[in-house]
Amino acid sequence: MGQFIQYIQSYLASDKTPGAAGNMFWVLVYILLVFAGLSVAVIAMNWLERKILAHMQVRLGPMRVGPHGLMQPIADAIKLLLKEDIMPAEADALIFWVAPFVVVLAAFTVFVVVPFGPTHAITDMNIGILFMLGVSSLSVLGIVMAGWASNSHYPLIGALRSSAQMVSYEVAMGLAVVSAVLMTSLNAEGTGTLSMIGIVQAQQAQGEWFIFKFFPLGLVAFFIFAVAMIAETNRAPFDLAEAESELTAGFHTEYSGFRWSLFFLAEYSAMIAVSSIAVTLWLGGWLRPFPNLLTGTVWNQLFSLFPGITFLFFAAMCFYNTARMPKHPLFRIQTIGLAGFGVILGLIGLVLFIPAVSVRIQDIFWFSAKVAGFMYLYIWYRGTFPRYRFDQLMRMGWKVLLPLGLGVLILTAGVALLQEKIWHP
Amino acid sequence: MESMLHITTLHYLVLGAALFLLGVIGVLTRRNVVIVLMSIELILNAVNLNLVAFSRIWGGVHGQVFAIFVITDAAAEAAVGLGILIAFFRNKETVNIDEVNLLKW
Amino acid sequence: MAPVATPFFFYLLSGIMLIGGILVITRKNPVHSAVALIITLLAQASIYLMLYAPFVAGVQIILYAGGIMVLFLFVIMLVSIDRSMRERQFNSQWVVGIIAATALGGLFIAVYTKGKDIFPEHVLPIVEDNNNTQEVAKLLYGQYMFAFEIASLLLLVAIIGAVVMAKKRI
């Protein structure tokens, strides 16, 4: 027993991720934490999407189920679990059963290398970004299998369109990623790195986020990746393959109940995963804004107050809405619930002000805040842009983004070479 | 039993040889062209496994570079092979290689 | 990083690969064969990780499992398989095929039992440094640059060839 406790404590002093340090116990703990965090994030995303989309369309969204619809995702989950499990008559049972699991597997395995901090990742692979791109391309297989196994026309066409779209935009994504990885090699020994933690540390060492580097090359590469990642996850405005008005929900038409919720879970996890790639590669990962410009203990302390302030702001919004609730006796439970939720958020905010907690939470908070910004952008695009037709979509993937990506790559390589020759001849 | 618990290079080579044999059996005995092509991919993978195992034991990464080239070649060959299959299927409406006998006298 | 439970993982992954290989060559439905091949390829990527070749493992996942197998699945869906699933699955020369494969297997066994002493040591050292990608890049763009360029030319030829082959009218 003492040996076990010593094994647990031997990791706490090291400065590597648990996977790199070889400590199995902490690897399992981190995996459970990432799993739990991802589930909470998907539930929150569901609620946020419906509320934000509703407010953009000048309506209210779900308001009944909990105070301001806060229990709506839980009600949805219970409904999906209790639904009847239907399988089409002539469907290939094995493939029909396996397809949602392949998509969920591909969407969740990616999080093994996502860096929430310099030591806050499950592991730090040498090929981090390559692993993420590769495993997220395995979800194409699941979609093709789902569409084929449904033994019906609309899912088959939807699956073929969806997988063709995903494969096309993977090329543009790869080129944008390569030009970002190129920028990591501008250091003393002249070698870059593919590891996710190494990319953020390169941004820290070079003093600027890669989105601002070699202006406007970093920005264009980020833009290409931002567009390609929306097409990669089949979200609006690239959601022709699964939109309800086009192909009766595309490749997951024949899936109902729990299997459909697996596809839905995988879609949101994939959104968070590619946003993590964008945040790590271009937006400085876990670094706080202006890490090298505004240095000093005063600025550090100011920025370290942000996590607590964020949660206190949410708590204040909860209390404000509690005061605005109607005074009818039927709303009493909702008012109490909302006030209780505000109290919980306020307590979390106050806990985050404690220095011992705040020091550990900093990196995770900034990373999550940037990914949350990307999630808001996803919902904003869904509420704003009209849908692309499929031939327009493919034209943009191959004829616009691919040449643009190649051009950015060549120019970035040229500018990087010039910088090496001029400043380190 | 002790030698089975310690994984040496020979273990990887035997695994590669077994996969190679499975691929050869698939190529020689199946009638469906798509499955024959997939068996060819199995053969190429067995060769890759051998290359990477040898690269591990002799140090250096030459074997891994060779394996990357083999994977690239396999992609090109799968694309062209499946193109031929589609062209053939368009004419004959079957994927049975026993039907590819137009030149048989 | 020190390896953990290597014999267990090796036997598990090699069992998955061999079962996947057997399923590939014996299934009647080509889609089931393709799924078995995907499982085999993913298990092989894990074995590459055990052999301290993470870059080749990443390339295998992206190209093989995520590219070539998608191509196979597309073609299987385009080519109607209902008729082929009702026909006989194994061709008429299967006896000769099995005999030839057995002879090849005997050859392998002979070569391996004779030559298993040429390997320098039976205890392979643990690779500690973490720059496999950089080593591969140094070789790929240094010594094998010519082969790299020829491989890209080969891919160009394959693209043109596949497009010409699959067009309805040239």
Side chain to side chain, C/L18 and B/L22, heavy atoms closer than 4.5 Å: yes
From NZ (C/K167) to CD1 (B/I86), nearest 0.5 Å: 13.5 Å
Closest non-hydrogen atom pair, B/L21 against C/A101: CD2-O, 3.3 Å
Region of B/A17 that comes under 4.5 Å of a non-hydrogen atom in chain C: both
Verdict with supporting geometry, C/N132 and B/Q64, side chain to side chain donor-acceptor pair (under 3.5 Å): CA-CA 10 Å; C/N132 176 264; B/Q64 297 177 20; 3.1 Å; yes
Side-chain heavy atoms of B/L44 within contact of C/Y64, under 4.5 Å: yes
Steps toward ring-ring contact (aromatic ring centres under 6.0 Å, His included) verdict (C/Y144, B/F66): CA-CA 9 Å; C/Y144 298 118; B/F66 201 159; 8.4 Å; no
B/F88, part contacting chain C, at a heavy-atom distance under 4.5 Å: neither
Side chain B/R30, main chain C/I25, donor-acceptor under 3.5 Å: yes
Most contacts with chain C, counted as non-hydrogen pairs under 4.5 angstrom, among B/I71, B/V34, B/N96: B/I71
Close side-chain approach of C/L13 and B/L15, heavy atoms under 4.5 Å: no
Segment of C/I159 engaging chain B (4.5 angstrom heavy-atom cut-off): neither
Portion of B/E41 that has a non-hydrogen atom of chain C nearer than 4.5 angstrom: both
Winner by heavy-atom pair count (cut-off under 4.5 Å) against chain B, out of C/F74, C/F72, C/F108: C/F72
CD1 on B/I35 to CZ on C/R27, rounded to 0.5 Å: 10.0 Å
Gap between atom CZ of B/R31 and atom CD of C/Q93 - 0.5 Å precision: 10.0 Å
Check: B/F69 ring centre within less than 6.0 Å of C/F148 ring centre: no
Inter-residue atom distance B/L37.CG - C/L37.CG, 0.5 Å rounding: 11.0 Å
Interatomic spacing from CD in C/Q60 to CG in B/L49 - rounded to 0.5 Å: 9.5 Å
Flag side-chain contact, heavy atom, 4.5 Å: C/M69 against B/M38: yes
Which atoms of C/E135 approach chain B - backbone, side chain, both or neither, heavy atom under 4.5 Å: both
OG1-CD1 distance between B/T72 and C/I150, expressed to the nearest 0.5 angstrom: 13.0 Å
Check: C/Y48 and B/N48 side chains under 4.5 Å, non-hydrogen atoms: yes
Chain C contact via B/V24 - side chain, backbone, both or neither, heavy atoms under 4.5 Å: side chain
Heavy-atom contact with chain B under 4.5 Å, split by part of C/A34: both
C/T40 side chain near B/N45 side chain, heavy-atom distance below 4.5 Å: no
Near-ring test B/Y12/C/F10, centroid separation under 6.0 angstrom: yes
